[in-house]
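Everything below concerns the one structure shown next.
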Amino acid sequence: MRAFGFLSFGHYGRGAGVGGVDARQMLHDAIDIAVGADEIGVNNASYRVHHFATQSASPMPLLAAAAARTRRIEVGTGVIDMRYENPLYLAEEAAALDYIADGRIALGISRGSPEPADRGWEAFGYTGSTDPRGADIARIKFERFLRAIRGEKLATAGADAGYGGAIPGAGLRVEPHSPTLIDRIWWGAGSRETAESTGRMGLNLMSSTLLTEATGQSLGDLQAEQIQRFRDAYAAAGHTGRPRVSVSRSVFPIVTGEDRYLFGMRPGEGADQIGIIDGMRSTFGRTYAGEPDQLIEQLRADAAVMSADTMMLTIPSQMGVDLNLRILQNFAEHVAPALGWKPNTEGPVQGDLVEADPGAATDAPARAEG
């Protein structure tokens with residue numbers, strides 16, 4: 001681990017004093033937390049994306065606002081649900097965001113997790129899926145999104161194209177086009193097999209907050225194997241670079257008596273949990289809460305945390321700006337340095353160097369430099 005960020009679920013209720021903060025306050029708090037985290041030296045500010053739910057949804061306005069008010073911190077998502085997206089419009093938005101942020105983005109995308117709505121993507125107008133989870137259309141749309149951000153010409157200029165300066169019949173790419181945007185795209189992987197496919201695509205890996213496997217191993221050990229499979233597949237596909245890897249953990253340093261009152265755990269809460277998601281037995285991560293020395297020891301023993309370049313702290317965003325910044329400050333001051341953390345003042349985060357396997361396939365998609 002050399003970097004840490006926060007992952008906000010963006011929960012809100014029906015209004016302050018009734019069900020917690022309302023949507024307006026949640027969004028303003030999200031921006032203010034990013035600004036404060038940037039000043040602390042935190043490396044990444046990311047937000048969950050869910051639809052038909054009282055939590056963060058359309059991410060681009062929030063990310064653009066956070067990027068415009070910060071200087072060094074990455075802004076990103078964990079994750080955009082591709083089932084609900086128009087791939088070319090998302091490519092336009094992502095490139096515009098990349099320019100607004102001067103490259104400080106970490107855009108996590110995936111099929112998405114279970115949502116409240118039954119086949120909710122169809123309500124958005126995206127039909128044709130034969131998979132009850134929508135994985136088929138998510139993959140098809142993501143492949144088109146990648147083609148767009150790589151600058152492929154996906155439309156043809158019409159006979160009256162002179163208005164836009166194009167030559168009739170010429171191919172057109174999505175604009176704006178950011179040549180290095182591909183280096184800042186992450187795929188959210190919930191299994192070891194998905195991590196391997198992410199490596200083959202030459203993307204960054206965002207390991208999910210859970211794995212759809214339950215083998216008796218800890219989440220950290222399962223994810224460490226997932227990360228290694230990702231790096232092996234990246235090299236075997238012929239890619240050479242520094243692909244990024246992140247994992248998420250719930251971590252609450254206890255520094256004061258108030259911290260202990262708020263975050264002290266009850267018996268049984270400090271262990272991984274097994275549950276069912278999408279009909280599959282899955283391993284959910286534990287909560288880490290304790291004094292700094294205890295947390296340092298526990299996190300050093302978490303194989304995935306130490307193998308990833310970035311750890312994302314899931315934060316209770318609905319509890320307000322001050323409390324969340326205190327959690328981040330406590331972690332930055334008392335825990336992160338002992339794990340290898342370098343604050344954002346030391347420059348952009350890089351992943352571990354992965355060199356192409358000498359026997360790799362030669363038809364891997366071209367990687368953008370930068």
Side-chain angles (χ1 to χ4, degrees), residues 1-5 43-44 74 76 78-79 82 94 98 103 105-111 135 138-139 142-147 149-152 178-208 211-213 215 217-248 302-312 339-340 342 347-370:
M1 188 200 103
R2 60 181 64 95
F4 84 90
N43 308 91
N44 179 287
E74 292 176 328
V79 290
M82 203 66 209
D98 199 40
I105 69 170
L107 211 60
I109 301 172
S110 83
R111 185 212 78 195
R139 281 291 185 181
F142 184 65
E143 289 167 4
R144 190 162 180 79
F145 167 77
L146 289 180
R147 292 177 63 197
I149 66 172
R150 287 185 174 121
E152 292 187 30
S178 173
T180 60
L181 174 59
I182 187 67
D183 292 323
R184 292 179 282 281
I185 302 301
W186 304 58
W187 183 261
S191 70
R192 290 174 289 185
E193 288 72 21
T194 309
E196 290 176 353
S197 68
T198 304
R200 289 192 292 270
M201 288 188 288
L203 304 176
N204 303 298
L205 174 68
M206 184 173 291
S207 188
S208 177
L211 283 185
T212 53
E213 303 175 53
T215 65
Q217 294 174 277
S218 70
L219 178 66
D221 288 342
L222 286 170
Q223 285 183 319
E225 181 184 346
Q226 181 193 39
I227 291 167
Q228 189 57 54
R229 287 194 183 192
F230 160 74
R231 289 175 174 147
D232 290 345
Y234 185 98
H239 302 298
T240 296
R242 294 184 177 274
R244 298 278 304 281
V245 176
S246 73
V247 296
S248 300
D302 187 317
V305 168
M306 301 313 295
S307 182
D309 58 77
T310 301
M311 178 170 65
M312 306 297 293
L339 303 177
K342 302 296 182 184
V349 183
Q350 289 189 320
D352 293 340
L353 178 63
V354 178
E355 297 183 351
D357 186 322
T362 58
D363 59 349
R367 300 282 299 147
E369 296 297 327

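This structure is a prediction, so every number in the text was calculated from the model and none was measured.
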A cation-pi test, strictly: NZ or CZ of Arg139 under 6.0 Å from the centre of the six-membered ring of Trp187 and no more than 45 degrees from its axis. Yes or no?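 Ring-cation test returns yes.
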Compare all side-chain heavy atoms of [X] with those of [Y] and state whether any distance is below 4.5 angstrom.
X	Y	result
Gln228	Asp232	yes
Arg2	Val349	yes
Ser178	Arg184	yes
Ile185	Phe142	yes
Tyr234	Thr240	no
Ile182	Leu146	yes
Val79	Leu107	no
Met312	Phe4	no

Tell me if the CD atom of Glu152 is crowded by more than 12 foreign heavy atoms within 6.0 Å.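 Enclosed.
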Minimum heavy-atom distance between [X] and [Y], given as atom pair plus value:
X	Y	value
Glu74	Ala106	OE1-CB, 4.1 Å
Phe230	Pro243	CZ-CB, 3.7 Å
Ala94	Ile105	O-CD1, 4.2 Å
Gly188	Ser110	O-CB, 3.4 Å
Ala304	Ala224	CB-N, 3.9 Å
Gly78	Met206	CA-SD, 3.7 Å

Val245 and side-chain contact (heavy atoms from CB on, under 4.5 Å): which single residue from Thr198, Thr310, Leu205 fits?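 Considering Thr198, Thr310, Leu205, a side-chain contact (heavy atoms from CB on, under 4.5 Å) with Val245 is found only for Leu205.
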Any chance you could measure Ile109, atom CD1, to Met82, atom CE, to the nearest 0.5 Å?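 These two atoms lie 6.0 Å from each other.
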How long is the straight-line distance from CD1 of Ile149 back to CZ of Arg144, given to the nearest 0.5 Å?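 The CD1 atom of Ile149 is 13.5 Å from CZ of Arg144, to the nearest 0.5 Å.
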Do NZ/NE/NH1/NH2 and the carboxylate oxygens of Glu225 and Arg229 come within less than 4.0 Å?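 Salt bridge: yes.
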For the side chain of His239 and the backbone of Ala356, is there at least one donor-acceptor N/O pair under 3.5 Å apart?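 Not confirmed, His239 side chain does not pair with Ala356 backbone.
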Please check if the side chain of Asp221 supplies one atom and the backbone of Asp302 the other of a donor-acceptor pair under 3.5 Å.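 Looks like no, no N/O pair under 3.5 Å.
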Step by step, would you call Glu196 with Arg192 a salt bridge (Lys or Arg N to Asp or Glu O under 4.0 Å)? CA-CA 6 Å; Glu196 290 176 353; Arg192 290 174 289 185; over 6 Å; no
Side chains of [X] and [Y]: is there a donor and an acceptor less than 3.5 Å apart?
X	Y	answer
Ser207	Gln223	yes
Ser197	Thr194	no
Arg231	Ser307	yes

So, applying side-chain hydrogen bond (donor to acceptor under 3.5 Å, both in side chains) with Arg244, which one of Asn44, Asp309, Asp183, Asn204 is it?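 Among Asn44, Asp309, Asp183, Asn204, the one meeting side-chain hydrogen bond (donor to acceptor under 3.5 Å, both in side chains) with Arg244 is Asp309.
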